[in-house]
Amino acid sequence: MSDTTELPKAYDPKEVEARWYAHWMERNYFRAEATSDKPPFCIVLPPPNVTGSLHLGHALTATIQDILIRWKRMSGFNALWVPGTDHAGIATQMVVERELKEKEKKSRHDLGREKFLERVWEWKNKYGNRIREQHKVLGASLDWSRERFTMDPGVSSAVREVFVRLHEEGLIYRAQKLINWCPSCHTALSDLEVEHEEKQGSLWHIQYPVKGSDRKLTVATTRPETMLGDTAVAIHPDDERYQGLAGQFVVLPLTGREIPIIADAELVDPAFGTGVVKVTPAHDFNDYQTGLRHHLPMLNVLDEAARINKEGGAYAGMERFAARKKILEDLTAQGLLEKEEPHKLSVGGCQRCATVVEPRLSPQWFVKIEPLAKPAIEAVEQGRTKIIPETWTNTYFHWMRNIHDWTISRQLWWGHQIPAWYCADCSPRLEATGGIDYSRAEPIVSRAAPEKCPKCDSSRLEQDPDVLDTWFSSGLWPFSTLGWPEQAPELKTFYPNSVMETGHDILFFWVARMMMFGLHFMKDVPFRTVYLHAMVRDEKGEKMSKTKGNVIDPLDIVLGAPAEQLNKNLRNKFPQGMPAHGADALRFTLASLTQQGRDIKLSLDRVAGYKAFANKLWNASRFALMNLGDFTLDNRPITERELTLADRWILSRLQRAIAVTRTSLDAYAFGEAASTLYQFLWSEFCDWYIELSKGSLYGEDPKARDTTRAVLVYCLDRILRLLHPFMPFITEEIWQKLPMARPTDSIMLASYPEPEASLEDAAAEAEMGPVIAAIEGLRNIRGESNLPPSARITAYVQSADERTRELLERWRGYLMPLAGLGELRITAPGSKPAQSAAFVGPQMEVFVPLAGLIDVDAERERLTKEISRSEQEVGGIQRKLDNPNFVAKAPPDVVEKDRARVEELTARISKLRDSLKRLEPDTSTPAATETAAPEPTASKADAEGEVVKAEAGAVEAEAVETEAGAVEAKSFEDEDDEEFEEIGEEFDEDDGDGHAIGDTEAGEAQASARAERKGVIARGVVKTQAESEASPVRASAEKKASTKKAPAPKPESAAKKAAPAQKAAAKKAAPVKKAAAKKAPAKKAAPAKKAAVKKAAAKKAPAKKAPAKKAVARKAPAKKAAAKKAPAKAQR
RNA sequence: GGGCGGAUAGCUCAGCGGUAGAGCGUCGCCCUUACAAGGCGAGGGUCACAGGUUCAAUCCCUGUUCCGCCCA
């Protein structure tokens, strides 16, 4: 073991993260073998487009998948995660074209196909490499030995095989059909690549003269320019307004062409517009269908750039929107434009360039989808593939059931060229250009370039210039990456994949197509589960886009970046540049924000928060390592050691954290898993266990120390392994430093923790309840009075429940340092110290003599608030109980619970009122005066200077003093029941009523009711308390009985009178020395501090009045107050 | 036009029949030797609106308003 005692104080992710990835790569840990005894688990990475670098969506993808893969790998699976990239045909071609134009002022046509493709390959290599490096920075444990690209030879041969087979089966065909066409990209698009947007447009009413009549038919259209291609007008057959017109003709304005009037019930909605529809089969999908039904001519009036072609006569050469304008002018001039009215319409734009898409008649390749979709629907219906979140299942079905044939050919250069050839000799040719007329030519489909034309034996064959839709090749990804069409062993092992994890935005584009292809070619679903994650947006919920300038590069978050590299928003936020947050922090953030069915709004404050979490883990580990000495954890079961309550408690809580984390991961509830680990590490392990461990670590008992060390290492080992899938780097770094036998060389190969029943310890959790409650109550009193941590206070705990007293007595070593006590006295209920702060806890009442330490006003305010809260709550419940229907109809246990709660609250209120009463300045009784504190303000000043600092572990041994006049300073050696009883007696005289705490039963109800509202920690307590009544506690009680030291109390009234003197002496002696040594260098002089305190108190009074009143007026904040005390809340 | 989701603390979100929770932010006290990227304490909510079911509704049902997304 190297030197483990010195870790840097702050965690530096940059240094650590850079080291480990290389190490893992070197050891080949990411590699999965095709043959293995382990069960397979396989994810293929959705291949990022090589258009550019990774964005935060990719980072989310990588994070979730790496969590799954690392978790499964640690759980004993043969876990394969296949990396790869996508050639992204149209998108990549566009970015390269843009670059070419910007840098060299050239178009792709200037270069020619071959040279241009060389450029695209250069681009692909550059960005493919960058993407690979980015994944490494993120810590993704991808098996790089299996990396693929969609245009690799292997994948390409899979593409050809699929194309040829589908063609042979008649599922791929070539046809001249109306397709979506981007006039800017000059290519066909599939339905999915068209993005519809609601836009404000117009509905123009245009008059078409009926031939041989004075009548004019008014058509309503949103696209007047297409009238040049009209080949009919349609009316509804039942429309009485137009009876008898069907079969006649109208004269198309501007062109003078005569076109028929047809009756069509499907196309025409008589209620819309004028009830007369112009029919343009070559430029509208509905009209196209109508044209087919009525055998209308399909007149194309636009060219590939959406300019009017020669069919448009006078308008030829005009761009479509210019033509629209001109046509409307001309119609107006002729008096044929009846009116224009505003109209909302949905306009389709090109996914890539946003140009308005034009329906266009052209020869393309199509996949006949229905035979493929049917099995894909059934597979999900039968649950062979499960979609998570389930809500997407319906969306999937809806789309799959309404799917049209898929246009797969693209008029691009970058992509898989279609494996079809045409004979240059016997194919029909276009008149205009002399080129092959692809709409009529017969393709020869073949896996490899054919040598001869089967018709004319010519060897002059030309390959179809078009390429395939990118999604055609990525649709094969789950098996093409595993070697298909070869019968690779990988296929056997890893197909079907276990999980397909991707964004919900590509459910149709990609997931649906993989389902269809997988089922068709592999005869089985491509994956068992589809997990669809949300979209990552900026912190305002806006989509990240370059045009908005709100894109955040994940690598900037991880590695940090100079200000000039950041977008504007970030530059404002980080004028000095973005600090490095580390991959672990980014991953944990993304995992935490992953909530099913919601977009992720990424805020850098969150990332910073989780960076702090990493730092917390670092420092908790640092604490442990600093206190381990030469300790090494051996392999014997931890239960064989003599565990303390704190040990048993944290080990038990750990089991719960393990169980919840595992359950959450199983359910893909990454946010819940992350939150569980966050809470456990911070709110339980750090806030409680580490604090509690200090006693034995700094104490004199070597055996106890070793036990604590063992538990620290044991817990850290589990925490690190649990966290490893989320935060791979820091966990490896720390894990390697833990002094213990490591069964594996790396944490990533270690086993994922499993809950151990033997460590679940309900009794320990129950026993911690009162301890935690007491500490929290005391901290509350301290906090409300703004007492500095250095101020020791004295606490009197009164409990009617003997067991509670025993427990508190036994764990005073926990209580005192954590509550900042100088002295702790635990007794049965008796009289209460006058002038004391008080709180009512489960089965106990705690008093803190004010003694000038506590701010009386603040305490009064605090009690008032507590009382009013309790009253509010009791009022609400009482109203319920007064309703006979409630008592009669509600389940008895609910009624009973409420009754118990009322009882408990009533008791609580009366105790609190009593405490409050005893604080009223004007009601102080003579007796109280006798034992009263000196003038509060004066003694407060004293206190500032002379507060005793108790050493953590050494409290017992040290003489502690307080200012309290009511309580004499005394050392713990001679402390105990005798003197205390005596004081109690004296108080009895003051205030005889005794206020006995309720009987045990009531007390218990009270305890559990309270505990129930206590969040994380107490939740365990509640359930277990009742169950645990029996053996374990009794056992410990017995143990305690045997070790109990003090005999029965004996009265000794004289001691009390002598005490003040003692106190005075003590005050002068030790504390002052300490104060001098410790406080002298401190900057704050006593008066200054005092002033500050006073000011604070003064300030508080008026400022707080309003809110306090408001709180009273408000509904029922009582419950909240109680719940808030849960340590979970305490954490920052 | 159809479908899906959402509206809960200043912000981001859990919860989903027994009168509310977290993180961040805010306020107060503290540089207590694991951590100031920290500790302790506090404040902050008619759970969008209107009806209904129920002994009981933030939660179930219906409707309304607003905000996303998908499909046509």
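In what follows, every chain begins at residue 1, and chains take the letters A, B, ... in the order their sequences are listed.
Nucleotides C11(B) and C70(B) are separated by 26 Å at their P atoms, to the nearest Å. Comparing A57(B) with A20(B), their P atoms are spaced 13 Å from each other, to the whole Å. Separation of the C1' atoms belonging to A48(B) and C59(B) is 15 Å when rounded to the nearest angstrom. When the P atom is compared between A36(B) and G25(B), the two are found 16 Å apart, to the nearest whole Å. For the C1' atoms, the distance from A56(B) to G18(B) is 7 Å, rounded to whole Å. G21(B) and U64(B): their P atoms are spaced 33 Å apart (whole Å). Using atom C1' as the reference point in both U58(B) and A9(B), the two lie 14 Å apart (nearest Å). C60(B) and C16(B) have their C1' atoms separated by 10 Å, with the value rounded to a whole Å.
Across all strands shown, Ala888(A) has no heavy atoms under 4.0 Å from either base or sugar-phosphate atoms. Residue contacts for Leu507(A): at a heavy-atom cut-off of 4.0 Å it reaches no nucleic acid atom on any strand shown. As judged by a 4.0 angstrom heavy-atom cut-off over every strand, Ser346(A) is placed among the base-contacting residues. Backbone-only contact: Lys601(A) has heavy atoms under 4.0 Å from sugar-phosphate atoms and none from a base. If you check every strand for non-hydrogen atoms under 4.0 Å, Tyr610(A) touches nothing.
Evaluation of atom-type donor-acceptor distances gives a pair under 3.5 Å for the side chain of Glu691(A) against the base of A34(B).
Between the NE2 atom in His533(A) and the CE atom in Met535(A) there is a gap of 5.0 Å [rounded to 0.5 Å]. Rounding to the nearest 0.5 Å gives a distance of 9.0 Å between CD1 of Ile730(A) and CZ of Phe613(A). With rounding to the nearest 0.5 angstrom, the OH atom of Tyr11(A) is 7.0 Å from the CD atom of Glu733(A). Distance check: Leu604(A) CG to Lys611(A) NZ gives 11.5 Å after rounding to the nearest 0.5 Å.
Using bins of under 30°, 30° to 60° and over 60° for the plane-to-plane angle, the ring pair His504(A)/Trp392(A) lands in the parallel bin.
When distances run from any side-chain atom of Thr391(A) to the nucleotides A34(B), C4(B), C55(B), the shortest one goes to C4(B). Checking C71(B), G18(B), A34(B) against the side-chain heavy atoms of Ala890(A) singles out G18(B) as nearest. When distances run from any side-chain atom of Phe508(A) to the nucleotides G18(B), C70(B), A22(B), the shortest one goes to C70(B). The side chain of Pro891(A) lies closest to G18(B) when the candidates are A34(B), G18(B), C35(B). Here the side chain of Leu192(A) is nearest to one of C71(B), A72(B), G5(B), namely C71(B). Listed nucleotides A34(B), C70(B), G23(B) differ in distance to Arg606(A); the shortest reach to its side chain belongs to G23(B). Of the candidates C70(B), C55(B), A37(B), the closest approach to any side-chain atom of Asn885(A) belongs to C55(B). Among A37(B), C69(B), A34(B), the nucleotide with an atom closest to any side-chain atom of Ala10(A) is A37(B). Looking at the side chain of Asp687(A), the nearest of the listed nucleotides G23(B), C55(B), C40(B) is C40(B). Between G18(B), A37(B), C69(B), one nucleotide has an atom nearer to the side chain of Arg537(A) than all others, and that is C69(B).
Residue Phe685(A) contributes atom CZ, which lies 13 Å from atom C1' of C35(B) at whole-angstrom precision. In this structure, the CG atom of Leu586(A) is 21 Å from the P atom of A37(B), given to the nearest Å. What separates NE2 of His404(A) from P of A72(B) is a distance of 7 Å, to the nearest Å. Nucleotide A37(B) holds its C1' atom 15 Å from the CG atom of Asp584(A), rounded to whole Å. Rounded to an integer number of Å, the gap from NZ of Lys611(A) to P of G38(B) is 11 Å. Distance NZ (Lys616(A)) to P (G23(B)): 13 Å, rounded to an integer number of Å. Counting to the nearest Å, the C1' atom of U32(B) and the CZ atom of Arg779(A) are 12 Å from each other.
In this structure, His404(A) has no ring-ring contact (aromatic ring centres under 6.0 Å, His included) partners at least two apart in sequence or on a different chain.
C40(B) is paired with G28(B) under the criterion used here, namely a Watson-Crick or G-U wobble arrangement in which both key atom distances are under 3.5 Å. Using Watson-Crick or G-U wobble geometry with both donor-acceptor distances under 3.5 Å, C69(B) finds its partner in G3(B). Pairing for U33(B) is absent, with no Watson-Crick or G-U wobble pair whose two atom distances lie under 3.5 Å. Pairing for G45(B) is absent, judged as Watson-Crick or G-U wobble with the two contacts each under 3.5 Å. G18(B): Watson-Crick or G-U partner is C55(B), with both key distances under 3.5 Å. For U62(B), the paired nucleotide is A50(B), the pair qualifying as Watson-Crick or G-U wobble because both relevant distances are below 3.5 Å.
For the residue pair Glu672(A) and Ser675(A), no side-chain donor N or O sits within less than 3.5 Å of a side-chain acceptor on the partner.
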Going through the checks in order, is the side chain to side chain contact (heavy atoms under 4.5 Å, CB included) test met by Thr708(A) and Tyr689(A)? CA-CA 10 Å; Thr708(A) 302; Tyr689(A) 185 71; 3.7 Å; yes
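The side chain of Trp392(A) contributes no N or O atom lying less than 4.0 Å from OP1 or OP2 of C69(B). The shortest distance between the side-chain N/O atoms of Asn780(A) and the OP1/OP2 oxygens of A42(B) is below 4.0 Å. The phosphate of A37(B) has neither OP1 nor OP2 within less than 4.0 Å of any side-chain N or O from Lys9(A). In this model, the phosphate group of A14(B) is not approached by any side-chain N or O of Tyr678(A) to a distance below 4.0 Å at OP1 or OP2.
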